[in-house]
Amino acid sequence: MTRTIVVTGAGSGIGKASAEMLRAQGENVIGVDLKGADIEVNLTDADSIAAMVSAISQSHEHIDGIVANAGTQSNSPLDLKVNFFGAVDTIEALRPLLEKSDAPRVAITASAASLQPTDYHLVELLLDGKKDEALVYGETLVNAGQRSGYVNYSASKRAIATWVRRVAPTQDFAGKGIAINAIGPGVVRTAMTKQLLSSEQGTQMALQAMPAPLNGAADPEAIAAVLAFLVSEHNASMTGQVIYVDGGFDATAQGRGADIWHSPRHIDG
């Protein structure tokens, strides 16, 4: 049976590849983006999100999946608005339509940057929903320099990945049959990275920061394939997972390494 999937950030990169792959599989895709999509939406604006939900509701009694892929890497508070609040607000706004599906699924594009050092105070502000405080704090990081500004990005991705694990087993999600997972791409060939990866020096720089022992930088289609599975009926039991589609970065010393069961080992008894 054809499923209806909402894909945010569908105008380019991973989102576009996901929308195309899902359509090729016979799914009904509603592409969402600032421009170049079925519905043009500003995910930093509550009224714009509400208008999107209204537009979808007029033609669909329910939806079966959400690929919350839209994201930015501006190394500024914009990343907090889009990557965290935009994703959460979109999912929550669409959840009533999603709950009407027989097999509701959500997949979020986080990032392998969620494994990098970040400012956990900022992560906590995001998870606590303290938007104004988070944006002000994010701006102070920008003013402290380029390296500090990057924390806006890494913190936004750490927070959305953590949010997925927090909500997955709750009554609002698992209790209503909604599987929700995230992926953590590493270095991916998109318009955002095109200039950086166009030279050998730039490619080496990217892969030094985020090594990908398996096949180096990935094509968007490699990421889209995992997202497509996560929002399919075939994903019958996986929820609350952050799947690093990163060429092996997570398993290296710069990621979490081999032992992800690190202290505190409360599971060891």
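Since we're looking at a predicted model, the values are computed, not measured.
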What pair of heavy atoms forms the shortest contact from Ala161 to Ala110, and how long is it?
CB-CB, 4.3 Å
Between Asn152 and Ser76, do the side chains contain a donor N or O and an acceptor N or O under 3.5 Å apart?
no
For Ser101 and Leu98, indicate whether the former's side chain and the latter's backbone hold a donor-acceptor pair under 3.5 Å.
no
Would you say Asn69's side chain and Ile108's backbone share a donor-acceptor pair under 3.5 angstrom?
no
Ser154 meets the side chain to side chain donor-acceptor pair (under 3.5 Å) criterion, sequence neighbours left out, with Thr118
For the backbone of Ile63 and the side chain of Arg3, can you confirm whether one donor and one acceptor N or O come within less than 3.5 Å of each other?
no
How does the hydrophobic cluster around Met21 look, that is, which other residues are in it when side-chain heavy atoms under 4.5 Å mark a link?
none
What about His121 and Tyr137, are their ring centers closer than 6.0 Å?
yes
Where do Gln73 and Asn75 land on the side-chain contact (heavy atoms from CB on, under 4.5 Å) test, with the steps shown first?
CA-CA 6 Å; Gln73 186 177 351; Asn75 300 339; 3.6 Å; yes
Could you tell me whether a side-chain N or O of Arg189 sits under 3.5 Å from a main-chain N or O of Ala217, the two making a donor and an acceptor?
yes
Output for pair (Asp33 CG, Leu43 CG), nearest 0.5 Å, gives 8.0 Å
Donor-acceptor check, side chain of Asp64 to backbone of Thr4, threshold 3.5 angstrom: yes or no?
yes
Could you go through the side chain to side chain donor-acceptor pair (under 3.5 Å) check for Asp79 and Ser74 one step at a time?
CA-CA 6 Å; Asp79 298 341; Ser74 65; 2.9 Å; yes
Closest approach of Gly248 and Asp246, non-hydrogen atoms and distance?
N-OD1, 2.9 Å
Set of side chain to side chain donor-acceptor pair (under 3.5 Å) partners for Gln204, sequence neighbours left out
Glu200
Establish, for the pair Arg256 and Tyr244, whether the NZ or CZ atom is under 6.0 angstrom from the six-membered ring centre and no further than 45 degrees off its axis.
no
Using modelled atom types and a 3.5 Å cut-off, is there a donor and acceptor pairing between side-chain atoms of Asn235 and backbone atoms of Val231?
no
If we ignore hydrogens and angles and just use 3.5 Å, is the side chain of Glu27 paired with the main-chain N or O of Thr2 as donor and acceptor?
no
All side chain to side chain donor-acceptor pair (under 3.5 Å) counterparts of Gln195, not counting sequence neighbours
none
Check the pair Tyr150 / Gln116 against side chain to side chain donor-acceptor pair (under 3.5 Å), numbers first and verdict last.
CA-CA 11 Å; Tyr150 177 76; Gln116 294 178 320; 2.5 Å; yes
Which residues pass the side chain to side chain donor-acceptor pair (under 3.5 Å) test with Ser18, not counting sequence neighbours?
none
Sequence neighbours excluded, which residues qualify as salt bridge (Lys or Arg N to Asp or Glu O under 4.0 Å) partners of Lys176?
Glu99
